[in-house]
Amino acid sequence: MGVLKHLKPARVFHYFEEICGIPHGSGNTRQISDYLVSFAAAHGLKYRQEPCGNVVIWKPASAGCEQAAPVMLQGHMDMVAVKTPDCGLDLEKDGLQLAVTEDGKWVYARGTSLGGDDGIAVAYALVILEDDTLRHPPLEAVFTVDEEIGLLGAAALNAGDLKSRILLNMDSEDDGIFLTSCAGGATVECLAAAPMEKKSGVVYSWMLDGLCGGHSGSDIHLGRANANVIFGRFLAQVGEKVPFSVGEFAGGEKDNAIADRCRALLVAAPEDARKLEQETEQFGHMICAEYAGPEPGMRLTLNRESQTEQMVLTETGQKSLTVLLEHLPAGIQRMMPRMPQMVQTSLNLGVLRRKEEEISLTYSVRSASAAEKQWLIRRMRDLCELAGGYCRVSGEYPAWEYREDSHIQKLMAQTYEELTGEPPVLTGIHAGVECGIFSEKLPGIDCISYGPQMRDIHTVRERLEIASVEKNYELTRKVLEKLALRQ
């Protein structure tokens, strides 16, 4: 601890470092949830902890501001916890190893993602909750779990005792770009039988890596490659030219992260081994050339391991895997008709696995249109059934629709311009934001989403801009002071 103690604002980075010291990947949030409860108890604040781990902390208004409308400070406590192949940390048990770049501009974590999304929101809220010098309206700080795997905490939240009419969602990653709407989404797992058999031959380790990856919502338009999708293309194109069998395979880590690597064991008959090596090399040259712009680090390797017996997919199982990977849709499906620079509907094959006796392909599906989202899911279900499989849909969440009469959006924009001299950009995003669920649970609530500058979230290259942290903290304070005076 203490790596960030020289940074400002000191208390924000103090709490951010404490949060980073607690394992809090999605599905592993009990420790961070209990930490928030301990914070509330230590500061004499009313709180509630839900069975799923959500925590709500209340702070009364400053003296004289009791009649101001209650304001919600909101962020999620889980992070997308990923690491490099050579990282020795156990992200279920270990904290992160924080560092500051040599130029002093960015915070990052060595060998892992940083979790600035959304640890910085939690840190902002804790500093505001402990600060008795700040003039503010009644505050409700809502910390949700498992946002990154389908907004599950927000969906499970009991909002019956929440009174806020304004929501500051501090879960955006672009300084000066305020979100005013978002896509709805769902997690769709496509499954098919994976019968196995023993086969002897030359065993190869197939690996596609070095890809950029990224967020499946905010980065889907950048033209980056998805390693799982390319693996399907390899199976279809190379499998047509030379016979081989697929043993174990695995690609990607999270459904909402663009898969940056995929690996598999391949088994070929000795007389086909050389042909497989040649076709793989040619495929690698072709695919790397296709993605030379957005994926300069992409590499495909095929390493001969041994000549032995392996468990592999049967011909039927491999056909199912190939057909699903080849024909299920992927990437952008439609741009917004009225805003052609914005993605309306997309899907991302984030995780590819063999689970016991089934092939599993897990997608993050997003759309600003509820009807279009359901149509895409139906297409996926029909294709799976044609291939002898089925779909499981979970974690559905609604879109957050733009509100033209929003007071908080105007106030935030005005205050940001006062602070920086530059007007912010107000826009929608093709990603899930919890504002959509809160708008359903608390009809009429006025929402905005914002946050400091981050780069490469959900990847091991994630970093958080230090100066931007201070700027957005000051923005939050000034907006709360203005809201405190609005009776």
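Computed from a predicted structure; not experimentally measured.
For Thr420 and Lys471, the side-chain atoms include no donor-acceptor pair closer than 3.5 Å. One side chain, His430 or Ser346, offers a donor N or O that lies under 3.5 Å from an acceptor on the other. Remark: the Arg366 side chain and the Ser216 side chain contain an N/O donor-acceptor pair separated by less than 3.5 Å. For the 3.5 Å distance criterion, the side chains of Glu434 and Thr144 qualify, holding a donor opposite an acceptor. Using modelled atom types, one finds a donor on one side chain and an acceptor on the other under 3.5 Å when comparing Trp58 with Glu140. Between Gln453 and Asp174, the side chains place a donor N or O and an acceptor N or O closer than 3.5 Å (distance only, hydrogens not considered). A donor-acceptor pair shorter than 3.5 Å can be found between the side chains of Glu358 and Tyr390. Glu396 and Gln374 share a side-chain donor-acceptor pair at under 3.5 Å. Checking Asn226 against Asn348 by side-chain atom types alone, a donor-acceptor pair falls below 3.5 Å.
A donor-acceptor distance shorter than 3.5 angstrom exists from the side chain of Asp146 to the backbone of Gly27, with no hydrogens or angles considered. A distance-only check finds no donor-acceptor pair linking the side chain of Lys478 to the backbone of Tyr473 [under 3.5 Å]. Without hydrogens or angle criteria, Arg299 side chain to Gly284 main chain gives no donor-acceptor distance under 3.5 Å. No donor-acceptor distance shorter than 3.5 angstrom exists from the side chain of Ser181 to the backbone of Tyr402, with no hydrogens or angles considered. The backbone N or O of Ile22 sits less than 3.5 Å from a side-chain atom of His24, completing a donor-acceptor pair. One N or O on the side chain of Lys83 and one on the backbone of Leu89 form a donor-acceptor pair closer than 3.5 Å.
Counting heavy atoms from C-beta outward, Tyr416 and Phe178 have side chains that approach closer than 4.5 Å. Annotation: side chain of Ile230 is in contact with side chain of Met298 (closest heavy-atom distance under 4.5 Å).
Counting non-hydrogen atoms of other residues, nucleotides and ligands closer than 6.0 Å to CD of Glu356 gives a total of 12 or fewer.
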Check against side chain to side chain contact (heavy atoms under 4.5 Å, CB included), Trp106 and Val100: CA-CA 6 Å; Trp106 303 85; Val100 177; over 6 Å; no

Check the pair Phe234, Phe244 against ring pair (Phe, Tyr, Trp, His ring centres under 6.0 Å), reporting the backbone distance first and the verdict last. CA-CA 12 Å; Phe234 172 86; Phe244 61 86; 5.7 Å; yes

Taking it one step at a time, do Glu189 and Lys355 satisfy salt bridge (Lys or Arg N to Asp or Glu O under 4.0 Å)? CA-CA 12 Å; Glu189 186 178 16; Lys355 294 182 176 180; 3.1 Å; yes

Would Ser364 and Asn256 count as a side-chain hydrogen bond (donor to acceptor under 3.5 Å, both in side chains) here? Give the steps. CA-CA 5 Å; Ser364 176; Asn256 61 355; over 6 Å; no

Start with the C-alpha gap between Glu173 and Arg455, add the side-chain angles, then the distance that decides, and say whether salt bridge (Lys or Arg N to Asp or Glu O under 4.0 Å) holds. CA-CA 8 Å; Glu173 298 86 36; Arg455 291 282 187 265; over 6 Å; no

Using salt bridge (Lys or Arg N to Asp or Glu O under 4.0 Å), reason through Asp456 and Arg461 one step at a time and then give a plain yes or no. CA-CA 6 Å; Asp456 295 318; Arg461 301 180 305 282; 3.8 Å; yes

Could you walk me through whether Lys373 and Thr345 pass the side-chain hydrogen bond (donor to acceptor under 3.5 Å, both in side chains) test, one step at a time? CA-CA 7 Å; Lys373 179 182 76 174; Thr345 303; over 6 Å; no

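Here the closest heavy-atom approach between residue Thr476 and residue Asn472 is recorded as OG1-O, 2.8 Å. The two residues Pro398 and Ile437 come nearest to each other via the heavy atoms CD-CG1, 3.6 Å. When every heavy atom of Ile258 is checked against every heavy atom of Ala225, the shortest pair comes out as CG2-O, 3.5 Å.
Classification of Glu148 and Lys254 as a salt-bridged pair fails, no side-chain N sitting under 4.0 Å from a carboxylate O. Salt-bridge annotation for Glu290 and Arg233: present, with a side-chain N of the basic residue lying under 4.0 Å from a carboxylate O of the acidic one. By the 4.0 Å N-to-carboxylate-O rule, Asp446 lies too far from Arg165 to be salt-bridged with it.
For Phe249 and Trp206, the gap between ring centers reaches or exceeds 6.0 Å.
Arg48 contributes atom CZ, which lies 11.5 Å from atom CD1 of Ile57 (distance to the nearest 0.5 angstrom).
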